Amino acid sequence: MNFTKDIYSTHLSLLTDLYQLTMAYSYWKLKKQNQKAVFHLFFRQNPFKNGYTVACGLEYVVNYLNSFKFSEDDLQYLAGLKSSYGNYLFEDLFLKYLSNMKFSCDVDAIAEGTVVFPHEPLVRVCGPILECQLLETPLLNIINYQTLIATKASRIYLSAGGDTIMEFGLRRAHGIDGALSASRAAFIGGTDNTSNVLAAKLFGIPVSGTHSHSWVMSFDTEIESFRAFAETMPHNCILLVDTYDTIKGVKNAIQVGLEMEKKSKKLLGIRIDSGDLAYFSQRAREMLDKNKLHYVKIIASNDLDEHIITSLKAQNAKVDIWGIGTKLITAFDQPALGGVYKLSSIEVNGKWNNRIKLSEQVIKMNNPGIQQVRRFAYKNEYTTDMIYNIQNEKMTNIIIDPVDPTRQKKLSVSSLEYEDLLKPIFREGKQVYAIPSIYDIKKYHQEQISHFDSSIKRLTNPHIYPVGLEKELYKSKTDLILKLRGNKRTYKKDTP
């Protein structure tokens, strides 16, 4: 079932920056609107100082593109826009052009859940430059945020070491859509369920929930509130024990749990939301086990993230389930991925001309050409990624770091298996890709991450996974830079 289609069934073509439309108008005015171009969406640095990133958001992109159209209301709004001089921004003929425009691009993308790295194109768009340009802002809006959240969730998943992870960040999320897309991305990255009922309905994610402190406070005594909850929710009874005194709260929960056993019911768990989680979880486990309530789970929450989970595990905290909210749903320690969308090739007189943006910062120079990512593996472990230009007829087995050319690697390609990561999603505006279920995407990510060396999965100072430009692509990039700067490559020795 295609859950995101329900969200994006209306046209969102105005979900863009104004300058995309002014450029589109200028292309049309100059009769360049049908000139073919290639754009790549990529990012320059892994978020959270991580050793990898998790691609996410493609399903949203597919549904956005399937409903890409300017409605009559959209065009009426654009018709009324004026410049600071009082002139209308767009001609009626241009608006008529937009009304008849149908999405016709080829789109290739890396599957959701794939582990990816800086400079690798996550999405490649090829088609009329006007259409390609209009897709920049919405594609970045979708991919940047969901990729960021999926990566954060993946870090938490690895830190939890197989423990259940509950996501309940709805109340702290960045708006309604931020909450929905984050719940989806978090599930793909590694959470097991969500408190967000609408996200659970739309995406098919398991939903979970307990009760709040206000439930306890609404009764005269804590144990009265626990008994009432056990009576009304006998099959979903998790008791929050830290409203007044955590140890007394655990004792009250134990009493209610024993009472439930006499009624052939079971207390599912207790939740601790404050204080020394290592100490209180250890004491709670001792108390529960002493009363033969071994099956009762201990849930910990309170602004947790991967670092705190790692610390609590090192302290031998007796936590079975981790409740993660604010620091996951807001990507607390890094608010944005920083993905970009750059023109890399344009058709001139029937031939592709590669393009590059120059910068004083090497990291901000994009890679030219029509790119693909080839991932190599040896004995079921991923070893190296090569970014290459599909226009090149000859490929070498040497990769060069796009930022540091002293970092080079020669691949023994005859002994390596490989896969090209960018897959066809649209051809001439028609969807050719079958969107997998969210469960398949989640499973795919967990399989992906298992094939990488543990060194890139460290929370601090992770190993840098080898990603490089195929040598011929690197040479063409260098030649293009020298040409644009008015220099020529020379292979002669300088004489004194």
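Predicted model only: the values in this text are computed from it and were never measured. Just so you know, residue 1 is the first one in the sequence shown, and it goes up from there.
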S.K.: Would you find a donor on one side and an acceptor on the other, under 3.5 Å apart, between the side chain of S13 and the backbone of K69?
M.R.: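 Yes; judged by distance alone, with no hydrogens or angles, the pair exists.
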S.K.: Can you find a pair of side-chain heavy atoms, one from T384 and one from Y378, that are under 4.5 Å apart?
M.R.: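 They are not in side-chain contact.
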S.K.: Do R184 and C56 have side chains that approach each other closer than 4.5 Å (heavy atoms only, starting at C-beta)?
M.R.: yes
S.K.: Closest heavy-atom contact between P121 and L422?
M.R.: O-CD2, 3.5 Å
S.K.: Who passes ring pair (Phe, Tyr, Trp, His ring centres under 6.0 Å) against H463, sequence neighbours left out?
M.R.: none
S.K.: Go through the structure and list residues passing salt bridge (Lys or Arg N to Asp or Glu O under 4.0 Å) with R171, not counting sequence neighbours.
M.R.: none
S.K.: Between K327 and E306, is there a side-chain N and carboxylate O pair less than 4.0 Å apart?
M.R.: no
S.K.: For the CD atom on E381, are there more than 12 heavy atoms of other groups (residues, nucleotides or ligands in this structure) within a distance under 6.0 Å?
M.R.: yes
S.K.: Where the side chain of N397 meets the backbone of L411, is there a donor-acceptor pair that is under 3.5 Å apart?
M.R.: yes
S.K.: So L135 and F39, do their side chains get closer than 4.5 Å, heavy atoms only?
M.R.: no
S.K.: Where do H40 and Q371 come nearest, in terms of heavy atoms and distance?
M.R.: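 Taking every non-hydrogen atom into account, NE2-N, 3.1 Å.
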S.K.: Could you tell me the separation between the OG1 atom of T478 and the CG atom of L473, rounded to the nearest 0.5 Å?
M.R.: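 Between T478 OG1 and L473 CG, I get 9.0 Å after rounding to 0.5 Å.
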S.K.: Describe, in one word, how the ring planes of Y465 and F452 are oriented to each other, choosing from parallel (under 30°), tilted (30 to 60°) and perpendicular (over 60°).
M.R.: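 Y465 vs F452 ring planes: perpendicular.
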S.K.: Is E112 reaching over with its side chain to a backbone N or O of L58, donor-acceptor style, under 3.5 angstrom?
M.R.: yes
S.K.: Quick one: pull up CZ in R155 and CD1 in I309 and give me the separation to the nearest 0.5 Å.
M.R.: 11.0 Å
S.K.: Checking E91 now: which residues fulfil salt bridge (Lys or Arg N to Asp or Glu O under 4.0 Å) with it, not counting sequence neighbours?
M.R.: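 If we apply the salt bridge (Lys or Arg N to Asp or Glu O under 4.0 Å) test to E91, skipping adjacent residues, the hits are K29.
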S.K.: Does the gap between the ring centers of Y439 and F187 come in under 6.0 Å?
M.R.: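 Ring centres of F187 and Y439 closer than 6.0 Å.
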S.K.: Look at atom CG of L484 and say whether more than 12 heavy atoms of other residues, nucleotides or ligands are closer to it than 6.0 Å.
M.R.: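 Result for CG/L484: enclosed.
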S.K.: Do Q448 and T114 have side-chain atoms, one donor and one acceptor, less than 3.5 Å apart?
M.R.: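 There is no such pair (donor and acceptor under 3.5 Å, judged by atom type) between the side chains of Q448 and T114.
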S.K.: Using a 4.5 Å cut-off on heavy atoms from C-beta on, say whether the side chain of F168 contacts that of S301.
M.R.: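 Yes, their side chains come closer than 4.5 Å.
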S.K.: When you look at CG of L81, are more than 12 heavy atoms from neighbouring residues, nucleotides or ligands closer to it than 6.0 Å?
M.R.: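 Counting neighbours around CG of L81, more than 12 heavy atoms of other residues, nucleotides or ligands fall under 6.0 Å, so yes.
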S.K.: For D333, is there an ion pair with K152 - N to carboxylate O distance below 4.0 angstrom?
M.R.: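 Looking at K152 and D333, the cut-off is met.
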S.K.: Does the pair I143 and F43 meet the rule for a side-chain contact (heavy atoms from CB on, under 4.5 Å), with working shown?
M.R.: CA-CA 10 Å; I143 297 292; F43 61 95; over 6 Å; no
S.K.: Counting only heavy atoms not in K477, do more than 12 fall under 6.0 Å of its NZ?
M.R.: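 Yes, the 6.0 Å shell around NZ holds more than 12 heavy atoms from other groups.
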S.K.: Drop me the distance from H445's NE2 to D440's CG, to the nearest 0.5 angstrom.
M.R.: 14.5 Å
S.K.: Could you check if a side-chain atom of N193 sits within less than 4.5 angstrom of a side-chain atom of T164, using non-hydrogen atoms only?
M.R.: yes
S.K.: Looking just at side-chain N and O atoms, do D453 and S455 make a donor-acceptor pair shorter than 3.5 Å?
M.R.: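 Indeed, the side chains of D453 and S455 share at least one donor-acceptor pair under 3.5 Å.
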S.K.: Taking it one step at a time, do V125 and L139 satisfy side-chain contact (heavy atoms from CB on, under 4.5 Å)?
M.R.: CA-CA 10 Å; V125 181; L139 264 57; 4.0 Å; yes
S.K.: Just checking, is any N or O donor in the side chain of S71 or D74 under 3.5 Å from an acceptor N or O on the other one?
M.R.: yes
S.K.: Do any N or O atoms from the side chain of S359 and from the backbone of M365 form a donor-acceptor pair under 3.5 angstrom?
M.R.: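 No, S359 side chain to M365 backbone: no donor-acceptor pair under 3.5 Å.
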S.K.: Indicate the atoms forming the closest heavy-atom contact of S159 with L459, along with that distance.
M.R.: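 Here S159 and L459 meet closest at OG-CD1, 3.7 Å.
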S.K.: Which residues pass the salt bridge (Lys or Arg N to Asp or Glu O under 4.0 Å) test with R458, not counting sequence neighbours?
M.R.: none
S.K.: With heavy-atom distances below 4.5 Å as the criterion, would you say the side chains of L312 and L304 are in contact?
M.R.: yes
S.K.: Heavy atoms only: give me the nearest T151-Y52 pair and the separation to one decimal.
M.R.: CG2-O, 3.7 Å
S.K.: Does a sphere of radius 6.0 Å around CD in Q45 hold more than 12 heavy atoms from other residues, nucleotides or ligands, not counting ones at 6.0 Å or beyond?
M.R.: no
S.K.: Between S154 (side chain) and A150 (backbone), is there a donor-acceptor pair under 3.5 Å?
M.R.: no
S.K.: For I346 and I129, which heavy atoms make the closest approach, and how far apart are they?
M.R.: CD1-CD1, 3.8 Å
S.K.: For K357, does its backbone N or O pair with a side-chain atom of N366 as donor and acceptor, under 3.5 Å?
M.R.: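 Pair found, side chain donor or acceptor close to backbone of K357.
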S.K.: Ignoring hydrogens and angles, tell me if any N or O in the side chain of Q408 forms a donor-acceptor pair with the backbone of I398 under 3.5 Å.
M.R.: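 Not at all, since once roles are kept as given, no pair shorter than 3.5 Å links the two residues.
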S.K.: Sorted by first residue and then second, give each side chain to side chain donor-acceptor pair (under 3.5 Å) pair with at least one member in residues 421-430; sequence neighbours left out.
M.R.: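 Qualifying pairs, neighbours excluded: D108-R427, E419-K423.
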S.K.: Which class fits the ring pair Y97 and W28: parallel under 30°, tilted 30 to 60°, perpendicular over 60°?
M.R.: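 The rings of Y97 and W28 sit tilted, inter-plane angle from 30° to 60°.
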S.K.: Is it the case that more than 12 heavy atoms not belonging to N100 sit under 6.0 Å from its CG atom?
M.R.: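 Result for CG/N100: enclosed.
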S.K.: Among residues at least two apart in sequence or on other chains, which ones pass salt bridge (Lys or Arg N to Asp or Glu O under 4.0 Å) with K313?
M.R.: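 Here the qualifying residues are D163.
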S.K.: What is the minimum heavy-atom distance between R44 and F42, and which atoms define it?
M.R.: CG-CE1, 4.3 Å
S.K.: Is a donor on one side and an acceptor on the other found under 3.5 Å between the side chain of S311 and the backbone of H307?
M.R.: no
S.K.: Distance only, no hydrogens: is a donor on one side chain within 3.5 Å (strictly under) of an acceptor on the other, for Y60 and N141?
M.R.: no
S.K.: Less than 4.5 Å apart, any side-chain heavy atom of L98 and any of M101?
M.R.: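 Of all side-chain heavy-atom pairs linking M101 with L98, at least one is under 4.5 Å.
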S.K.: Are any side-chain N or O atoms of E131 and backbone N or O atoms of P128, one a donor and one an acceptor, separated by less than 3.5 Å?
M.R.: no
S.K.: Drop me the distance from I176's CD1 to S181's OG, to the nearest 0.5 angstrom.
M.R.: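 Output value for this atom pair is 11.5 Å.
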S.K.: Got more than 12 heavy atoms from elsewhere within 6.0 Å of CZ, F332?
M.R.: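 Count not over threshold, so no.
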S.K.: Go through R375 and E120 one step at a time and tell me if the side-chain contact (heavy atoms from CB on, under 4.5 Å) criterion holds.
M.R.: CA-CA 11 Å; R375 176 157 294 167; E120 297 180 344; 4.0 Å; yes
S.K.: Please report the C-alpha distance between Y27 and Q35 in whole Å, then the side-chain angles of each, then the deciding distance to 0.1 Å, and finally whether the side-chain contact (heavy atoms from CB on, under 4.5 Å) criterion is met.
M.R.: CA-CA 9 Å; Y27 287 135; Q35 187 173 14; over 6 Å; no
S.K.: Roughly how far, to the nearest 0.5 Å, is CG of L78 from CG of L21?
M.R.: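 So the CG of L21 and the CG of L78 are separated by 6.0 Å.
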S.K.: For the backbone of F48 and the side chain of Q334, can you confirm whether one donor and one acceptor N or O come within less than 3.5 Å of each other?
M.R.: yes
S.K.: Does any non-hydrogen side-chain atom of N389 lie less than 4.5 Å from one of E470?
M.R.: no
S.K.: Can you tell me how far apart CZ (R124) and SG (C132) are? Round to the nearest 0.5 Å.
M.R.: 11.5 Å
